[in-house]
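From a predicted model like this one, the values you see are computed outputs, not experimental measurements.
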Amino acid sequence: GRIEGRDSVDGAIRLVIGGADFESELSVGDSVAVAGVCLTVVERSSSGFAVEAVPTTARRTTVGGWSIGDRVNLEPALRAGDPLGGHFVQGHVDGVGEVQDVVQIGADRILKIRLPPAVADITVPQGSMTLDGVSLTVSALAGAVAEFAIIPYTWSHTTLSRLRPGDRVNVEGDPIGKHVRRAVLPYVSGAAGPEPEAVPLPGESSRD
């Protein structure tokens, strides 16, 4: 898809997105993953559909840097009974990674991404991860730098082909890894890295 409009509404970022093949199937209230960020459709129009990102989402993702004309990966919510071709992607971005290198090997590409600490801590080789909404397998891991082998089809059908060293990407770690880490954290001393940023509930203070 393509960002056709951007505005600020009561502190939130309002985006109009066009070009989705499944656009006619969307209704107001539906969830859509936009570059891996789960957002809610708030309006339909002739130019596409509108979504809004609250300040917390903008801080934790690359949404704040998007401009009109930018291309974004789009995916509708998975319906019960649909085939699951990758892993469960929630659209709950854990942090922003940085592209370290893009290497071409034959027809394939190797992406090297420096992961946020909270994601690196739960990542394993051959595990699952989501980059800008694309479900991928970790082909190698060296410290906080993960490698991903991208086949030609994925390279040409997503925005991954636009990435260059220094670019930032939305990263969602494997949900299973996050739950396991949370469960064992009370029993492990000094072995766990930083936890993802806590987001206060409405009415709560960030100091609570």
Side-chain angles (χ1 to χ4, degrees), residues 1-6 13 15-22 32-39 48 51 53 57-76 85-175 177 196-197:
R2 180 179 182 273
I3 297 178
E4 304 288 354
R6 175 183 168 130
I13 298 174
L15 301 166
V16 177
I17 300 172
D21 294 339
F22 54 86
V32 179
V34 183
V37 184
C38 181
L39 298 173
V51 295
T57 300
R59 288 197 306 270
R60 294 187 61 144
T61 69
T62 62
V63 170
W66 295 351
S67 302
I68 294 175
D70 284 352
R71 304 287 291 181
V72 287
N73 297 318
L74 298 173
E75 183 175 14
H87 74 289
F88 279 110
V89 177
Q90 298 177 304
H92 301 165
V93 174
D94 295 306
V96 175
E98 181 179 318
V99 179
Q100 300 294 291
D101 203 359
V102 182
V103 180
Q104 183 168 357
I105 300 178
D108 298 334
R109 269 78 171 181
I110 302 296
L111 280 181
K112 297 183 180 182
I113 308 291
R114 180 169 296 279
L115 306 174
V119 179
D121 191 56
I122 62 169
T123 300
V124 295
Q126 284 73 59
S128 297
M129 188 174 295
T130 308
L131 298 182
D132 277 352
V134 184
S135 173
L136 298 170
T137 299
V138 179
S139 58
L141 184 65
V145 177
E147 293 187 10
F148 304 87
I150 314 298
I151 64 173
Y153 182 90
T154 303
W155 189 253
S156 63
H157 284 76
T158 68
T159 62
L160 297 181
S161 61
R162 298 170 179 262
L163 294 178
R164 299 293 182 270
D167 286 349
R168 302 165 75 241
V169 292
N170 294 318
V171 177
E172 179 183 330
D174 188 343
E197 174 191 351

Asks: Is there a side-chain contact between V171 and L131 (heavy atoms, below 4.5 Å)?
Replies: yes

Asks: If we ignore angles and hydrogens, is there a donor and acceptor under 3.5 Å between the side chains of S128 and D174?
Replies: no

Asks: Keeping S139 on the side-chain end and E147 on the backbone end, is there a donor-acceptor pair under 3.5 Å?
Replies: yes

Asks: Compare every heavy atom of W155 with every heavy atom of S161, then report the nearest pair and how far apart it is.
Replies: CB-O, 3.1 Å

Asks: Any heavy-atom pair between the side chains of M129 and I113 that's under 4.5 Å?
Replies: no

Asks: Looking at D132 and V169, would you say the former's side chain and the latter's main chain have a donor-acceptor pair under 3.5 Å?
Replies: no

Asks: Counting only N and O atoms by type, is there a donor-acceptor contact under 3.5 Å from the side chain of R109 to the main-chain atoms of V102?
Replies: no

Asks: So how far is it from T61 OG1 to R168 CZ, rounded to the nearest 0.5 Å?
Replies: 8.5 Å

Asks: Say whether, by atom type as modelled, one donor and one acceptor occur between the side chain of T154 and the main chain of I150 under 3.5 angstrom.
Replies: no

Asks: Give, for atom CZ of R71 and atom OG1 of T158, the distance between the pair rounded to the nearest 0.5 Å.
Replies: 11.5 Å

Asks: Grab the two heavy atoms, one from Q100 and one from P165, that are nearest each other, plus how far apart they are.
Replies: O-CB, 3.8 Å

Asks: Within the 4.5 Å heavy-atom criterion, are F148 and I110 side-chain neighbours or not?
Replies: no

Asks: Looking at I122 and G173, what are the two nearest heavy atoms and their distance?
Replies: CD1-CA, 4.3 Å

Asks: Testing the basics here: between D167 and R162, what is the closest heavy-atom pair and its distance to 0.1 Å?
Replies: OD2-O, 3.7 Å

Asks: Could you work out, with side chain to side chain donor-acceptor pair (under 3.5 Å) as the rule, every residue matching T123, not counting sequence neighbours?
Replies: none

Asks: Work out which heavy atom in L74 is nearest to a heavy atom in A20; give both atom names and the distance.
Replies: CD1-CB, 3.6 Å

Asks: Counting only N and O atoms by type, is there a donor-acceptor contact under 3.5 Å from the side chain of D108 to the main-chain atoms of A149?
Replies: no

Asks: Is the shortest side-chain heavy-atom distance between V99 and R164 below 4.5 Å?
Replies: no

Asks: Give me the atom names and distance for the closest heavy-atom approach of V124 to V138.
Replies: O-CB, 3.7 Å

Asks: Strictly distance-based, threshold 3.5 Å: is any side-chain N or O of E172 a donor or acceptor partner for the main-chain N or O of V89?
Replies: no

Asks: First locate atom SG of C38, then atom NE2 of H92, and finally report the distance between them rounded to the nearest 0.5 Å.
Replies: 5.5 Å

Asks: Verify, without hydrogens or angle tests, whether D70 (side chain) and S67 (backbone) share a donor-acceptor contact under 3.5 angstrom.
Replies: yes

Asks: Is any side-chain heavy atom of V37 less than 4.5 Å from a side-chain heavy atom of V63?
Replies: yes

Asks: Tell me, do R60 and V93 make a side-chain contact under 4.5 Å, heavy atoms counted?
Replies: no

Asks: Determine, step by step, whether W66 and I13 satisfy the side-chain contact (heavy atoms from CB on, under 4.5 Å) criterion, reporting the C-alpha distance in whole Å, the side-chain angles of both residues, the deciding distance to 0.1 Å, and the verdict.
Replies: CA-CA 10 Å; W66 295 351; I13 298 174; over 6 Å; no

Asks: Measure the shortest side-chain to side-chain distance between L160 and L136 over non-hydrogen atoms and say whether it is less than 4.5 angstrom.
Replies: yes

